[in-house]
2 protein chains.
Amino acid sequence: MPKIVDHEERRHRLAEAVWTLTLRDGLEGVTLRKVAVEAGVSMGQVQHYYATREDLVRDAIDRAVRALNARIEASIRATDPASAETMLRECLRAMLARDPESLRLLQLSVAVVGRAISDPAMAGVLAPGGGELLDFTAGLIAAAWQERGAPARGNGLIDADICWNLATSLGVDVALGQRSPDEALRVLDYHLDNLLG
Amino acid sequence: MPKIVDHEERRHRLAEAVWTLTLRDGLEGVTLRKVAVEAGVSMGQVQHYYATREDLVRDAIDRAVRALNARIEASIRATDPASAETMLRECLRAMLARDPESLRLLQLSVAVVGRAISDPAMAGVLAPGGGELLDFTAGLIAAAWQERGAPARGNGLIDADICWNLATSLGVDVALGQRSPDEALRVLDYHLDNLLG
DNA sequence: CCTCATGGTCAACGATCTTCGGCATGCGTC
DNA sequence: GACGCATGCCGAAGATCGTTGACCATGAGG
């Protein structure tokens with residue numbers, strides 16, 4: 001019937017504007033007017049696509065987290081699946097934001113952490129994939145041991161848990177600029193050398 | 001000359017109000033008027049003690065981080081200094097918020113993480129004590145090895161780095177309610193068993 | 001009693017988010 | 001081709017917020 005526009009494209013453009021403003025002024029500095037200017041549209045249009053400012057920010061953050069996950073999964077799929085150890089290292093390295101776009105998305109993901117303490121819905125977005133990811137990682141660790149001819153030891157699930165905690169913690173450091181990606185990578189590789197050796 | 005009041009006590013009371021509101025409504029939900037009501041004072045009085053809302057929130061967060069550090073240091077001082085391993089475990093356990101007051105302060109500290117991505121001043125508050133802490137921890141690890149009669153191996157500074165990254169990451173999980181303190185403690189102890197054994 | 005620095009209050013202003021009623025556009029239908 | 005109306009979009013009013021600046025109250029010193 002009436003005009004037909006690409007809602008997805010509109011929302012993506014608005015989310016991009018929110019991203020830019022968030023990295024520059026912080027989450028609290030994101031204003032409907034500033035978003036409208038940044039996206040080159042009227043403030044009314046912003047309100048047309050999001051009922052409330054909260055919805056706008058929430059969706060923008062949600063898109064950032066999903067985009068980061070997509071990037072991580074893509075880099076994993078691009079890795080040689082023949083070597084479990086290579087796959088394991090690549091999975092964890094993906095959290096270290098070694099290119100500008102990943103850094104941007106990682107910083108945005110970190111921006112939600114604060115919000116999550118008083119907003120359970122946001123805490124859910126950050127949940128680390130749940131138990132399947134730990135199972136998968138534990139499997140990689142066991143396979144890497146086998147490749148190296150080392151016997152299995154300890155509790156693989158906890159080892160996987162520790163790996164992801166370390167990787168995400170290093171990722172946060174990188175996102176906050178308190179550590180260079182190279183340094184984070186050295187720490188991560190050191191831990192994996194100990195774990196697999 | 002004129003009336004004399006305890007500024008420190010006033011500011012502490014206001015900071016407590018900010019803490020309560022932050023945990024309930026999030027950092028963005030902290031309003032001068034709500035703070036005034038929560039603290040049982042007039043809004044004018046709040047403004048009298050803090051030039052701007054930003055100053056108020058910043059000081060309240062700063063107090064929370066300092067209070068948490070003080071608690072951690074206190075629990076460390078209360079530990080038997082004869083055993084390096086006990087000392088090491090206690091230092092790292094202190095990040096897991098195993099009592100309600102620590103949990104509250106830890107949650108408040110986590111709340112700033114998001115803010116830190118666009119506010120370098122806040123990032124400084126979160127800096128993990130700097131290099132001295134790593135040196136100290138590396139010393140504890142070396143001493144613990146000696147106690148166990150195990151030879152030193154690897155890079156003590158990186159081992160210490162990994163320990164703190166793991167402990168803080170587990171602490172964040174606990175603060176967000178995604179993991180129980182007991183479970184976090186098991187993961188931490190598992191890692192220390194591997195490291196020291 | 002007067003002075004005035006300190007502690008505290010209040011009203012007005014601009015910016016902001018939200019609500020709601022209205023305008024425009026163009027597909028479907030006759 | 002003309003009409004209907006759902007969709008897309010806009011703008012002004014209302015409510016809330018932070019900030020500003022002038023104002024009042026108190027009580028130790030002269």
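So that the names make sense, note that chain A is the first sequence line, chain B the second, and so on, each numbered from 1.
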Q) Do B/D55 and B/Y49 pass the side chain to side chain donor-acceptor pair (under 3.5 Å) test, and can you show the C-alpha distance, the side-chain angles, and the key distance before you say yes or no? A) CA-CA 9 Å; B/D55 287 349; B/Y49 281 95; over 6 Å; no
Q) Looking at CG of A/L92 and CG of A/L170, how far apart are the two atoms once the value is rounded to the nearest 0.5 Å? A)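 It is 10.0 Å, given to the nearest 0.5 Å.
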Q. Side chain to side chain donor-acceptor pair (under 3.5 Å) between B/D59 and B/Y50: does it pass, once the steps are laid out?
A. CA-CA 9 Å; B/D59 186 55; B/Y50 293 99; 2.5 Å; yes
Q: Mind running a 4.0 Å heavy-atom check of residues 13-26 of chain A against DNA chain C and sending the residues that fall below it, in number order?
A: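 Contacting residues: none.
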Between [X] and [N], does any side-chain N or O lie under 4.0 Å from OP1 or OP2?
X	N	answer
B/R10	C/dG7	no
B/Y49	C/dG8	yes
B/H7	C/dG7	yes

Q: Please check if atom CZ in B/R13 has more than 12 non-hydrogen atoms from other residues, nucleotides or ligands closer than 6.0 Å.
A: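 Counting other residues, nucleotides and ligands, CZ of B/R13 stays at 12 neighbours or fewer.
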Q: For A/R115, check salt bridge (Lys or Arg N to Asp or Glu O under 4.0 Å) against everything at least two apart and list the hits.
A: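 Checked A/R115 against salt bridge (Lys or Arg N to Asp or Glu O under 4.0 Å); matches are A/E54, B/E28.
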Q. Any side-chain donor paired with an acceptor under 3.5 Å for B/D99 and B/S102?
A.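 Result is yes, a qualifying pair exists.
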Q) Does some side-chain heavy atom of B/D119 sit less than 4.5 Å from a side-chain heavy atom of B/R58? A)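 B/R58 vs B/D119: side chains touch.
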Hey, what are the protein-to-nucleotides 16-20 of chain C N/O distances that come in under 3.5 Å?
from   : atom 1 : to    : atom 2 : distance (Å)
C/dC17 : OP1    : A/L32 : N      : 3.2
C/dC17 : OP2    : A/L32 : N      : 3.3
C/dT18 : OP1    : A/T52 : OG1    : 2.3
C/dT18 : OP2    : A/T52 : OG1    : 3.3
C/dT18 : OP2    : A/R53 : N      : 2.6

Q. Between atom CD in B/E28 and atom C1' in D/dG18, what is the gap in whole Å?
A.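 Computing the B/E28:CD to D/dG18:C1' distance gives 15 Å.
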Q | d(NE2, A/H48; P, D/dC9) in whole Å | A |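 To the nearest whole Å, that distance equals 5 Å.
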Q. Using 30° and 60° as the class limits, which term best fits the ring planes of A/H191 and B/H191: parallel, tilted or perpendicular?
A.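 Rings of A/H191 and B/H191: tilted, as their planes differ by 30° to 60°.
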